[in-house]
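Report on the structure given below.
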Amino acid sequence: MDLRFTPEETAFRQEVRAFFRSEIPEEIRRKVSEGRSLAREDYVTSQRILNAKGWAVPHWPKEWGGQDWDPIRRYIFMEELMQAAVPLPLQFNCFMVGPVIAAFGNEAQKARFLPRIANLDDWWCQGFSEPGAGSDLASLKTRAVREGDQYIVDGQKTWTTLGQYADWIFCLVRTDPVAKKQAGISFLLIDMKSPGISVRPIITIDGRHEVNEVFFDSVRVPAENLVGEENKGWDYAKFLLANERTGIARIGLTKERVARVKRLARETPAGAGTMWDDADFRARVATIEIELKALEITQMRVVAAQSRRDASKPDPASSILKIKGSELQQAATELLVELAGPLSLPAPVANDVDALGWEAFAAPTYLNTRKVSIYGGSNEIQRNVIAKAILGL
């Protein structure tokens with residue numbers, strides 16, 4: 001297998017690299033690079049710039065804003081976006097609910113939702129995890145009972161990322177309580193302004209309000225908001241999660257962080273020299289770079305094989321990318337905390353947070369990155385997927 005890029009692909013890389021650095025506001029990219037919290041407006045600004053270029057959802061079908069790029073160009077685009085510290089187009093919109101609607105929704109749903117999803121006119125959040133159903137997602141208990149042309153939804157979702165901003169939530173709900181647990185689940189689109197929905201913040205260990213609990217108390221949802229077939233939601237969830245797990249590898253993001261580590265290490269005093277003079281520190285950086293290169297080659301193999309796979313069926317190799325990618329993200333943030341030393345703060349508190357240096361955000365980023373090996377299906381669950389689907393155990 002030839003994993004070298006063609007001259008045309010190299011030229012494409014230069015094009016997207018130049019666009020990201022010239023068109024996305026530097027202040028937004030600095031926030032991403034330093035691990036500062038992004039405001040809602042930052043996400044909207046960045047994504048609408050990309051959408052105006054036709055680049056917010058290049059992996060979607062062309063009729064709904066996609067670019068009809070092959071997997072290699074999609075890979076290059078995402079790698080350059082992360083290395084430029086450009087905010088990802090909102091994950092819940094562009095990589096989760098959008099592809100599900102495009103693949104399994106009816107034409108009316110596509111016309112109604114997809115353009116607004118791409119332009120971030122509607123902010124979506126994910127209603128999957130529950131207090132007793134996280135990694136074992138199929139055990140979810142939030143129920144939806146059909147009454148005429150509506151579903152009545154009752155239950156609770158948790159760890160709902162950025163739900164405080166959301167206009168809509170896509171939910172897995174139990175519509176058949178007696179079927180095998182995977183077989184009785186449906187995929188519903190729910191307006192967050194519906195009576196009976198309440199959102200309660202969860203403040204995480206890094207001091208941020210990023211996740212929430214969402215409660216449903218007899219919420220009425222039009223039956224036309226059911227995606228695909230009733231009780232087939234588990235199939236759509238697997239399709240969505242495979243996309244999420246591949247994206248969780250975020251090789252470009254770790255490359256950007258490792259580059260920052262190397263630059264900052266040369267500027268950080270240590271003894272009579274700098275941190276970069278410490279051979280042990282350099283060896284740890286080199287280990288991450290070597291493992292990152294191996295992961296990159298693995299991802300390129302997965303990307304190269306995508307054109308030969310059924311797009312509706314997840315590639316179990318995405319579990320490998322998820323495991324190693326999350327581990328390397330965590331390793332890179334650990335080095336940044338070491339460089340920040342006593343100037344790092346577990347949760348930055350100041351009258352003018354913008355005036356704080358990068359060091360104040362190293363520990364919160366490290367703490368926040370602990371979750372990457374848990375969400376999208378914990379790494380323990382991914383090892384089970386590998387054992388069954390790849391090793392045949």
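The basis for the numbers below is simple: all heavy atoms, side chains too, and nothing from hydrogens, waters or symmetry mates.
- Take Glu34 and apply the side chain to side chain contact (heavy atoms under 4.5 Å, CB included) test, not counting sequence neighbours, and it matches Arg30, Arg36, Arg260, Trp358.
- Annotation for Trp159: atom CH2 does not count as buried by contact number, only 12 or fewer foreign heavy atoms lying within 6.0 Å.
- Side-chain contact check for Trp55 versus Trp69: some heavy-atom pair is nearer than 4.5 Å.
- A heavy-atom distance below 4.5 Å is not found between the side chains of Asp154 and Phe216.
- Put simply, the side chain of Ile28 reaches to within 4.5 Å of the side chain of Pro87, judged on heavy atoms.
- Put simply, the side chain of Arg146 gets close to the backbone of Gly148: a donor and an acceptor are under 3.5 Å apart.
- Between Lys193 and Asp122 there is no salt bridge, since no side-chain N of the basic residue sits under 4.0 Å from a carboxylate O of the acidic one.
- Here the CD atom belonging to Glu256 is positioned 15.0 Å from the CD1 atom belonging to Ile251, to the nearest 0.5 angstrom.
- Each of Phe128, Trp123, Phe92 was compared with Phe170 under the ring-ring contact (aromatic ring centres under 6.0 Å, His included) criterion, and only Phe128 meets it.
- A salt bridge does not link Arg220 to Asp191: none of the charged nitrogens lies less than 4.0 Å from a carboxylate oxygen.
- Rounded to the nearest 0.5 angstrom, Ile49 CD1 and Glu23 CD are separated by 7.0 Å.
- Asn368 and Glu210 share a donor-acceptor pair across their side chains, judged by distance under 3.5 Å alone.
- In terms of the side chain to side chain contact (heavy atoms under 4.5 Å, CB included) criterion, Ile374 has no residue partners (sequence neighbours excluded).
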Test ring-ring contact (aromatic ring centres under 6.0 Å, His included) applied to His59 and Phe95, step by step: CA-CA 9 Å; His59 54 296; Phe95 298 94; 4.7 Å; yes

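- Here the two rings, on Phe239 and Phe104, have centers that are under 6.0 Å apart.
- Under the 6.0 Å distance and 45° angle rule, Arg266 counts as a cation-pi partner of Trp276.
- In this structure, Arg174 and Lys141 have side chains that are not in contact, with every pair of non-hydrogen atoms separated by 4.5 Å or more.
- Residue Ile205 places its CD1 atom among 12 or fewer non-hydrogen atoms of other residues, nucleotides or ligands, all under 6.0 Å distant.
- Residues satisfying the salt bridge (Lys or Arg N to Asp or Glu O under 4.0 Å) test with Lys180, not counting sequence neighbours, are none.
- Residue Phe77 is tested with Phe12, Phe20, Phe19 for a ring-ring contact (aromatic ring centres under 6.0 Å, His included); the sole match is Phe20.
- Listed by chain and number, the residues in a side chain to side chain contact (heavy atoms under 4.5 Å, CB included) with Arg13 are Phe5, Arg17, Ile76, Glu79, Glu80 (sequence neighbours excluded).
- Between the side chain of Lys322 and the backbone N or O of Val372, at least one donor-acceptor pair lies under 3.5 Å.
- Scanning for salt bridge (Lys or Arg N to Asp or Glu O under 4.0 Å) contacts around Lys293 gives Glu296, with sequence neighbours left out.
- Contact between Ile169 and Gln126 at its shortest, heavy atoms only, is CG1-C, 4.0 Å.
- Checking Thr175 against Asn231 by side-chain atom types alone, a donor-acceptor pair falls below 3.5 Å.
- Scored by the side chain to side chain contact (heavy atoms under 4.5 Å, CB included) test, Lys110 finds Trp64, Ile101, Glu107, Leu114 as partners (sequence neighbours excluded).
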